[in-house]
Structures are given as C-alpha cells and as structure tokens.
Amino acid sequence: MDEKYFPEKIETKWQQHWQQTKAFEVTEDDPRPKFYCLEMLPYPSGFLHMGHVRNYSIGDALAWYKRLQGFNVLHPIGWDSFGQPAEQAAIKRGVNPRDWTEENIVHMRGQMQRLGISYDWSREIAAHRPDYYKWDQWFFLKMYERGLAYKKKSPVNWCPNEKTVLSNEQSSGGVCWRCGAEVEKRDLEQWFVRITDYAEQLVEDIKQIESSWPEKVLKRQRDWVGRSEGAFVDFALKDSDQKIRVFTTRIDTIFGATAIVLAAEHPLINELLEDSPLKNQVLTFAEKVKADKAARGRTVDEDEQKEGINTGVLAINPFSGESIPVWVANYVLIEYGTGAVMSVPAHDERDFEFAQKYSLPIRRVIERISHGQESIAHDATSEDQSIAMQHAFTEYGILVNSGNWSGKLSEAAIIEMAKQAEANGFGQAAITYRIRDWGVSRQRFWGAPVPIVYCETCGMVPVPEKDLPVELPERAEFTGSGESPLAGVADFVNTTCPNCGAAARRDTDTMDTFVDSSWYFFRYCDPRNESAAFDPEIAKQWTPVDQYIGGDSHAVMHLIYTRFWTKFMRDLGLVSFDEPVKKLLTQGMVTNRVQGTDEWKAMSKSLGNGVDPDEMIAAFGADAARLFVLFAAPVENELRWSETGIEGAVRFLRRVYTMVWRWNERLANSSTVNAVPEPSAGTRALRRKTHQTIAKVTSDFEDLHLNTIVAALMELFNEVSAVEAEPASATDAEVFAVREALEALVLMLAPFSPHAAEEMWQHLGHPGGLLDSGRWPQADPELAQREELEIPVQVNGKLRSRVLALPEVTEEELRQAALSDEKIRAFIEGHEVVKVIVVPQRLVNVVIR
RNA sequence: GCCGGAGUGGCGAAAUUGGUAUACGCACCAGACUCAAAAUCUGGCGUUCGCAAGGACAUGUCGGUUCGAGUCCGACCUCCGGCACCA
C-alpha cells in the first residue's frame, strides 16, 4: 500500500477486484430487502459526456449508500441502441450501423468502468439485439390484438432533416427533439398506439406519484395530456339536415354565441357549400389557411392575424333558437375538440378579437357578481353591454340575457345546461384531451421492424408469436431518400402470408425507439429470458423502480410513454401496479463557459466547451471527478464546470488519505481499544462531531442532498485534523475517537469516491473490502448531543451576547443567566424590560423599551 | 400572454417548526517552507466606521405580521425553464 494518493493505481486495482468478485451482481435469492436504483439508459453515441457522468455518479452514490445499509441493490445499465445517429453514420460514412453501435458500446462500457460505476454488468441489455427487440414486437402484437395499435392515414410530423416521421411528443414546439429542425406536416399512412385510451389514467394516477416526482415534470405531463371538462353541443343547420358539433368549456355563455367557426380542414365545409354561390371563395380561403399552416409547422406567430370568411350558412342555437352565421377561420384548430367552436366574443379573448375585426355582434351574457349581490333582477339591454366592453370577460359570474337561465351562476349553469342538452338530444357533458395517439412508425432501418405482413387475399396479417423476432437484414442501402431502407431489401420484404401461405410483403417501417425504452427496466429483472419479455414473478421482486434518475428533457416523451406502457402491461396481467417509478430525480445540466464569452452553456462539441471524461479521469482520477460533480451544486441545479473546483476535490481526498495513513499503524496496534476510559474535552468534541455527521449524512441521503453530505464530511475531516495528539503518543481515548471518526468518514465517503474508500478501509485494518466488512455507521443521539450549549442572547432581536448553559437548563435559569450577563446588563440599563422570550436550548430575546 | 421555478459574499452554495445569516468549497490576500516557483501547511476573507473594544448596515425592491423574517403574507422587479390561438 502506498503512502501517497495515486488515484490511477488504486482505481484500477479496485475495479479489477470488483469485477473478479462480481461485487455488484445481485440475485433474487437474497433475504435482504430490495432496492431498485435506476439511471436512464444511454444512447451509444460513442462517448460519455459530463451529463452522463453526473447522472451515473448520483445513481451510484445512492446504490452504494443503500448497499452499505444492507439492501439488495439492483443497479443495472444497458443501451438504447436503436436510433438515428447509427443510421446517419451509415449514410455519411458507409459503415454498418450494427458494427458502429457495437464498437461504441465497447468504448462507452470501458468509460463507465473507468468511472467505477457499480453496475451489475451481468444484466446488461441492448435494444438493437434480436433477443431484446423480439419483445418490442411481441408487445406490438399484443397491442394490435387489443386494438391498441392501428394504422391510419393522417397528417404527421415530418423531420425534413432526418427524413422520418416523429411523434407529437418528439416534435413539441414544432421542432425535432433530436436535431431541432422545424417539422413539416405530411399525409402518410402510419401505425399509431392508442395512448389516448389511457389519457384519463395518465392524469388521474399522478396522484400516486405527486409527492415523489418533481412538480415541473408532473405539470408538463398534465399540460401535455390536456384534460379539459366541458360539453359537446350540436348546432342544427338551417335549410339542411346536417348539424355541427362544437366543444365548449363554457356552455354557460351559449346565449352570447354570435357565430359558429370551423377549422379550415373541417370535413363539413364541402358539404355545406354544395349549392352555395360562395363555394369557391370559401374553399380558396380554406386552402390558403392550410397552406399557411403547413409552411409554419406547429408554431404560431405572435402577431398572426385572425382571418375568416362567412360561409353564408346559418346555424341554430339549440338553447335560444337564434340563427347565427357559420364562418371558417384560421384560429380554430382541427386537432382539438371537434374542429368547430361557438364564437362568444363577449367572453373569449380570441372570439372577441375576431368579432372586432369582422364586426360580429358582441353580446354580454355573464356579469361579475358585485359585492353582496346574489342575483340580477333584470337583464340589461345588449346595446348597453356591448358598448362598454374593451376586453372579453372570461371569468365565471352570473348569467344575464340568457332566457330562463338568467340569474344562474356559471358553475351551476355549466352542469345544468349540459344536462338539458343531453336530455333534449343536442349534446352532452364531455371531457376532451389534448394528447394524440402515439405515432410509432419510422421510415428508418435501424429499429425494430413492425411485425406485420400484407397479403393480397388476407390483407393485414400479424406475424405469429412463434415467428418472432422479425429480424433486421444484415444490410440495406442507405439512400437517404425518405423511404424506409428496408423497402429496398428484397429478402426482407418478400415473405409468405402466415395465414394462407401465399406470397406477401412485410411492413417496411420500424418502430419508434421510445418503444424500446418504455419497458427496458423490466427486462433488467430477467434479462436472458427467452420465452417472455420477463417473468412477472421475478419482476415483481424488483419493481417498481425505487429511484429513477435522469434529465428532465424526457418529461413528456420517455416518462409519459413508460407510464403508459406500464399501465398496458398491467392490463396484460404482467405487473400489478399503475406507476413504474416511485421516486424520480431530474438532475440539472452540466454547463461550461463558452470560450471567449461569459456564457455558460450545456457542454457540446459544436460549442467547443465539452470536457472529455477520460481526460478528466486521467488528470484527477474518477473518485475526485465524481466527488466534485456531486459536491459542486445540488443535484437538480445546473452544474458549472470548474477545473479549480475539481482540484479542490483531489486535495480533500489526498488529505483524508494522508490522515488515514498517519494514524493507520497506531490504530492497527490498538485494535482492542473499545471503551472510552477517560474522555477529554477534545475527544468528546470529536465523537460528538462524528455522530452529528452520521445523523446529518444519513438524513440528507434520503432526500439526495448530496452536496451538503460532502460538506459535512469535510467538516468532520477538519475536526479530525484538529486532534493535536501525535498518533504514537495518543491516549486510548484519543485513538478510539479518531478510529471512530475515520471509519465513519471512510464509510460515508464510499458512495462518492468508492475506490479511495476501499483502499482506506483496508488501511484501517479491514482486509475484506467495504461490502464484506463495512456497514453504514449508526448515529448515537446521546453522543451527538452537546453537553454545553452556547445560547445566543438578543436585545430587541439583535444579537448582543452569548451565555453557556447545560442542555437540561430550565427556562427560568436561562432567563436569569441572560439577564445577569454583563453585556446584556449594559444594554438593559436605563430601560424597562418589557418581556423576556426564552426558547429552550435555542435563544433568549430580551425586549426593552 | 399563461404556467412553473429561482433571486443570499468575487463565485458554486449552506441555514430543523420563523430563533446566532453566509457552514463547506473555489478564488483571492498574508505568512511559513524554498535560491525561486509549484505543491503543502498556518492565518485572514459580506460591506462599512473604529487603533481597539465594539458599532451600523446587509439574503432582488417596497410594505406588512411578529419579541424575532432568508424563511410567513401582499404588491412589484429581474432571471431561468416550459407551453403557446387547446375553445
């Protein structure tokens, strides 16, 4: 053992030791309680970046902590290895995506091992291997069987850069989640998964995870699902049998409807205008709106003008019997609700703006309830009302100008009017959702093939389970044309119908890679199962995941898909809970200064502000890097990279290491010292600090306040350094206190810097290694308690003095001690003491006048 | 525009139920060691007045509650993030 701290030496040594002893491999056959610690699986791009390092350092700290506490900790890793970059590499450089991916995995696995992350490598999985994606296909078929996977032609998001379709979640904000390109709309026939069937549960079950997932993630999921309570109302058309169905959350404002407005894509437009002289005008307008939308993608310009055209058709308000015009306008979305709205300018900002522009009547039908007023005796005239309005009044209030409904409150009217609509057959209460079905087809090679065959006579035929997996061909031609490369592989496409045996063709699209990551952590439980995705009984022992750690960029992609998938698996009977992840931590970004600027941005190759983990390990060691990453900021905050900061971490490790070495011999020679014969003030203080630190660190671990844990360990170390005795001449009491402090320090450092901790643990006389002989230290509350307290004394809330007192001091004694304190007496002199506030064990405040 | 989150030293950040604001680290300054530098060690380090003892002022701004506010309440300002015609 070396006296000096050489990280490269001890890190290699312990990494080998862990590998040889299979230190982190776990089995189900274990009496200890389980803990499932999971980090988001990486895409094998070829290189770990600092965001990965942070992610895995957090997870590993928790895994070690739980292990030392006696849990059977499942801590696995794998590869989200299907996807776009492999295919881009193939297109650009002509490499085989499979070789490229496998090489990247080898390299990144090496990097993880050099970081010393304690994974159970025996459970490693990779999405691109047939033994994995076979089960993606199996799940797809189960969904198909149940009508949850279906094919339809519809306008979809198309990334012109990557030449593939994207789901709504992947094109949130109108841009491709991966490359940032603006998405276009294209009409294509695609596979969809009915995530909308689970929309209600996706909102409702948030209750189960409310306190243990970050609010910002839950909020984005709620917004994304976009649950909205309201009602459908059918407006019959004058001179026609047709009717138009609208969705509204404000049926209470229906007497104020002065138009019906349709989206440009509304299917009824053509029919309505059959014999209308305005037909051409309206259709031209609708075409223009559609063209504008296509050009813009999903984004909306802030100063985009509302535009519309009157169709000349009249609709009848079922409540009032009034005839109102039907318009087509650009501000109504076909994707939401029914693609048609009733326009109530007085009570909706958009309708108000539209009505002003086209001089539609603005009729006020809701009044603010003024103070003390329960109802309005008479309806004000509509003329009076419309003149007064500068803005739409969008709040709830009391109904006016609403026939029999006048005088009702909005809340009641919303419920009762929907009931009346239902009773009379022209509508009903309804809930709509913003979320759309998940488009899973991708026109790519590097993914799991959709297991469907098309037969001339039998039509669409699912591949039988026994024929899975539908394997990807060895190679394909990457033209970058936008059609799936699989379409060009004759051996793949041409097959026989599983039904009738006739010649047939395979589906040539592959599945969204988010399918792979929706259920992967169940596969870790039973990774080599050849007859099922996983054995439910085995998965039951590990899942749900106790702690999941990753970036928040997946808040409405992976994290919503995996919640959906779990609910589907529950309905298949594979799992018995609703939510796959008990606790979620979204770590902050790792940023670095952009050269020559004052800006801190996420590390990236293109900005040239990246830091290579390998270089960092070579320069400072994995232990110091991990310690710094966890110390520099709270885990959920942005982490600003600092070269000098990591040097500080090295310094700390070196100092602890030197200290252990300094005492090591003396501690080894007095291993029989157990009792504490004559505790001096110094040893009492050290023991107190030790036990206070154990208590603080243990509680901070439960909330993953890792930065303050490191600070506390540094404080404990500083206290050990303050021991003045030389090891050789130290008393038994001092030796005992130092041993207790150093052992606790090393054990608690293990989650942060495991290699150094293992090495020091050995120095301290434990040959077996941390997992053999180390146990998380226990805090003794009595030892942590101070025997003498320093009580601050305030005068009128300002700190003026301090008095010493025993913890069991009475209020009255404390009061007297404060009042007789010399400094306090000087302040009180010449004043009246109004009162004295005594907070036991905390402080005294003397109020004077 | 709407919704979230956050504003504390030069910097990253600490601070139980309201109870000693600035722990821990980085940077910086001084000293020791050295021919010198680096490394290491020791000490200092919110602002300000003071030789000192000590005082005044400080947690984005203004106000409030309280014996006492970084923490609670109200209004506002700024920054970051998300969503954006969702009827």
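Chain identifiers are assigned alphabetically (A, B, ...) following the order of the sequence lines, protein sequences preceding nucleic acid strands; residue numbering begins at 1 within each chain.
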Distance in angstrom units between [X] [atom1] and [N] [atom2], rounded:
| X | N | atom1 | atom2 | answer |
| --- | --- | --- | --- | --- |
| A:D252 | B:A87 | CG | P | 14 Å |
| A:L819 | B:C67 | CG | P | 18 Å |
| A:F717 | B:G25 | CZ | C1' | 14 Å |
| A:W224 | B:G81 | CH2 | P | 19 Å |
| A:M557 | B:G82 | CE | P | 12 Å |
| A:Y336 | B:A87 | OH | P | 4 Å |
| A:N330 | B:A87 | CG | C1' | 14 Å |
| A:F652 | B:A23 | CZ | P | 17 Å |

Need one value for [X]: base, sugar-phosphate or nothing, where a base atom within 4.0 Å counts as base even if backbone is also close, heavy atoms only.
| X | answer |
| --- | --- |
| A:N718 | sugar-phosphate |
| A:V341 | base |
| A:V344 | nothing |
| A:D223 | nothing |

Watson-Crick or G-U counterpart of [N], or none if no pair lies under 3.5 Å:
| N | value |
| --- | --- |
| B:A38 | none |
| B:C45 | none |
| B:G63 | B:C73 |
| B:G81 | B:C3 |
| B:U8 | none |

In whole Å, measure the gap between the [atom1] atoms of [N] and [M] for me.
| N | M | atom1 | answer |
| --- | --- | --- | --- |
| B:U78 | B:G18 | C1' | 27 Å |
| B:A23 | B:G44 | P | 12 Å |
| B:G9 | B:A84 | C1' | 39 Å |
| B:A39 | B:C51 | P | 37 Å |

Gap separating the OH atom of A:Y433 from the CD1 atom of A:I195, nearest 0.5 angstrom: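 Answer for the OH-CD1 pair, A:Y433 versus A:I195, is 13.0 Å.
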Residues which pass ring-ring contact (aromatic ring centres under 6.0 Å, His included) with A:Y331, listed by chain and number, not counting sequence neighbours: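 Listed in chain order: A:F354.
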With A:R220 via salt bridge (Lys or Arg N to Asp or Glu O under 4.0 Å) - residues at least two apart: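 A:R220 satisfies salt bridge (Lys or Arg N to Asp or Glu O under 4.0 Å) with no residue once adjacent residues are dropped.
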A:R802: salt bridge (Lys or Arg N to Asp or Glu O under 4.0 Å) partners, not counting sequence neighbours: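 Scan of A:R802 (salt bridge (Lys or Arg N to Asp or Glu O under 4.0 Å), adjacent residues dropped) gives A:E790.
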5' precedence on RNA chain B between A:S721 and A:E715 (nearest-nucleotide basis):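 The residue whose closest nucleotide sits nearer the 5' end is A:E715.
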Between [options], which nucleotide gets closest to the side-chain atoms of [X]?
| X | options | result |
| --- | --- | --- |
| A:K306 | B:A23, B:C85, B:G19 | B:C85 |
| A:K835 | B:A87, B:U20, B:C67 | B:C67 |
| A:M714 | B:A87, B:C24, B:C3 | B:C24 |
| A:R654 | B:A87, B:G25, B:U40 | B:U40 |
| A:R842 | B:C85, B:G19, B:C3 | B:G19 |
| A:R220 | B:C83, B:U20, B:C3 | B:C83 |

B:G12 glycosidic torsion: syn (within 90° of 0) vs anti: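 In terms of base orientation relative to the sugar, B:G12 is anti.
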Aromatic ring pairing A:F717/A:F652, orientation class (parallel under 30°, perpendicular over 60°, tilted between):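 Perpendicular.
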Aromatic plane relationship, A:H347 with A:F393 - under 30° parallel, 30 to 60° tilted, over 60° perpendicular: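 A:F393 vs A:H347 ring planes: perpendicular.
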Can you tell whether the side chains of [X] and [Y] come within less than 4.0 Å, N to carboxylate O?
| X | Y | answer |
| --- | --- | --- |
| A:D821 | A:K823 | no |
| A:R815 | A:E813 | no |
| A:E411 | A:R250 | no |

Smallest separation among heavy atoms of A:L333 and A:A263, with atom names: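 Closest approach of A:L333 to A:A263, heavy atoms only: C-CB, 4.0 Å.
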Close aromatic pair by centroid cut-off 6.0 Å: A:F285 and A:W327: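 Centroid distance A:F285-A:W327: not below 6.0 Å, so no.
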Test of ring centre spacing under 6.0 Å for A:F319 and A:F426: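 Ring centres of A:F426 and A:F319 closer than 6.0 Å.
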Review item, nucleotides 55-57 of chain B N/O atoms under 3.5 Å of protein N/O:
unit_1 : atom_1 : unit_2 : atom_2 : d
B:A56  : OP1    : A:R800 : NH2    : 3.2
B:A56  : OP2    : A:R800 : NH1    : 3.3
B:C57  : OP2    : A:K798 : NZ     : 3.0

Between protein and nucleotides 9-13 of chain B, what N or O pairs are separated by less than 3.5 Å?
unit_1 : atom_1 : unit_2 : atom_2 : d
B:G12  : O2'    : A:A632 : O      : 2.3
B:A13  : OP1    : A:N637 : ND2    : 3.1
B:A13  : O3'    : A:N707 : ND2    : 3.4

What protein N or O atoms touch nucleotides 26-31 of chain B N or O atoms at under 3.5 angstrom, if any, and at what distances?
unit_1 : atom_1 : unit_2 : atom_2 : d
B:C26  : OP1    : A:R651 : NE     : 3.2
B:C26  : OP1    : A:R651 : NH2    : 2.7
B:C26  : O2'    : A:T644 : OG1    : 2.9

Derivation of the side chain to side chain donor-acceptor pair (under 3.5 Å) call for A:N330 and A:D292: CA-CA 9 Å; A:N330 62 350; A:D292 287 354; over 6 Å; no
Within 45° cone of A:Y336 ring axis and under 6.0 Å: A:R434 NZ or CZ: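 Verdict for A:Y336: no cation-pi partner in A:R434.
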